[in-house]
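None of these values were measured; they are calculated from a predicted model. In what follows, chains are A, B, ... by sequence order, proteins preceding strands, each numbered from 1.
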Amino acid sequence: MKIVLNKDTMKIEKEQDVVPFRNRVKEYAVKIGMSLVNQTKLITAASELVRNMLKYANGGVVLIEVISQGRDNGIRLTFQDKGPGIGDIALAMKDGYSSGKSLGIGLPGAKRLVNEFDIKSIVGEGTTVTIIKWKNG
Amino acid sequence: MKTDISKLLQKKRKQILETWMTIQLSDESLRDNLMSNEDLQEQSNELLDELLGTLNDKNIKDSGSADFDRVREVLSGISISRARQGYTPRDTGFYVFSLKDALLQTLQQEIKDDPEFLFQTSVYLNKLMDAFGITTFETFIQGREDVILRQTSEIAEISTPVIRVWDGILALPIIGTLDSARTQVVMENLLQEIVESGSTIAILDISGVPAVDSLVAQHLIKTVSATKLMGAECIISGIRPEIAQTVVHLGIDLSHVVTKATMASALRYAFNVMRLEIKKIQKEKADN
Amino acid sequence: MDRIPILRMGKFLLVTIQIDLYDRLATNLETDLVQMVNKTGAKGVLIDISALSIVDSFMGRILGNIGSMSKIMDAETVVVGMQPAVAITLIELGLELKGVHTALNVERGMDLLMHKIDLTDETVQDEDSTE
């Protein structure tokens, strides 16, 4: 069972929001005592996802939560946008695939950097990506 | 209600404690080497105080009641410290259940004339103490797990030493299975040491790794790539014949990684890269 | 601030990234650097990222681009000072920064650039002498 200890939301509307957002995530990660490597992984994954959100959906909202499960603490980030959505999630999750001009490692790369990764998308309505990084994960 | 249970027990507090202590001390498995009888008495006293202080006619029926939070806290504290001190689960279980015996014995003596009430109260008390027993075990195991977790991280820490074999050359002998958690530690230690020592070459010796499968190989390749990103070179040494066989049979590509059979040849390679030369000194000079 | 300063040191260009970059800043850097390589005829580009706490795929791509673009303009690129946590993350992400050289710190990076440029100069001389 996952218990939410702390909650925060941030609106992402322009690329200048990315750096403050990363700093906010870092603050929370530092607060729960996450190791530097795990912090870096989490923030990098967050950066990938937030960038996707800006590129494909012109921004959205990110929910930052400090959660606990048993003896472990972690950070859960939920990225919600009202963009075009992703038609074929399996394809989007494949390394090297990109509908825009990028390296196409954003989604699969972000998944490799975190402990839990969940993506839901409805074409025409939007996409929600949830990631969890445990303190010692 | 004919008799107020909590008042009755409060009144008999001293007697309960005595009975409890007697039961505990009479148990032949008592670990008086781990804790003195005085300490045990004090510990028992504290728990009994908390329990009798909170117990009333209502919450006796509800073992989950928040009234008992403090009792559970004390109990957890005792349980965790016992787990760390090396008590067996039996010792700890006996500790709580002997309190139940003491309580029930006292009840039996005090409520002789009302069997129905005695029965009812005993059932409640039984349930309550069982719930506390469960709490005790949960925290006992948790205490043990904490110990295991700490030891695991200690093993990971000490089993991946980074050695400065030469100015600018690091060596990292890996002994034991390489899983992802361990690779993480290896990578972190190695990269950190590279930064601190300003080394340009790192030798990863895997002669102590029992088996290399594709996952382990992947971990090794990751470490090599990360080292490269930092601007240093990583050599893998200690490739035993069996390892070479499995690597090729599994179709793992190690062609872009510098591999050497022994630590010595890896070191020689490193000297070469750093343009260092080792010479034997003239014998006569040493004799003079 | 919307531009990262580029310093010129002899045959080299030196860039020290001191703040976390947002996208515009990074793309500007790419354009500015390539223009500077062209204008100064620099033989080497040294980018110090020791102050960067993260490098994501976008930033990684910019670094790779700078490397490849400089390469076809006959300049070598060295990225120096990557933090261990950043290196581990990049590998996990699947980025290997092909096309750029790496070094531990600015000093080593300079050595590497000198070495690379010496080598290319020597080959030119060799070719001259054989003719």
So which heavy atom on B/Thr92 is nearest to which on B/Ser79, and how close? CG2-OG, 4.1 Å
I need the residue from C/Glu107, C/Met82, C/His101, C/Glu96 with the largest number of non-hydrogen atom pairs under 4.5 Å to chain B. C/Met82
Just checking, B/Arg82 and B/Phe140: is the charged tip under 6.0 Å from the six-membered ring centre and within 45° of the axis? no
So what's closer than 4.5 Å to chain B heavy atoms on C/Gln83: side chain, backbone, both or neither? backbone
Toward chain C, the part of B/Thr223 with a non-hydrogen atom under 4.5 Å: neither
Heavy-atom distance under 4.5 Å to chain C: side chain of B/Ile194, backbone, both or neither? both
Please find out if less than 6.0 Å separates the ring center of B/Phe68 from that of B/Phe132. yes
N-O pairing of B/Lys228 and B/Glu233 below 4.0 Å: no
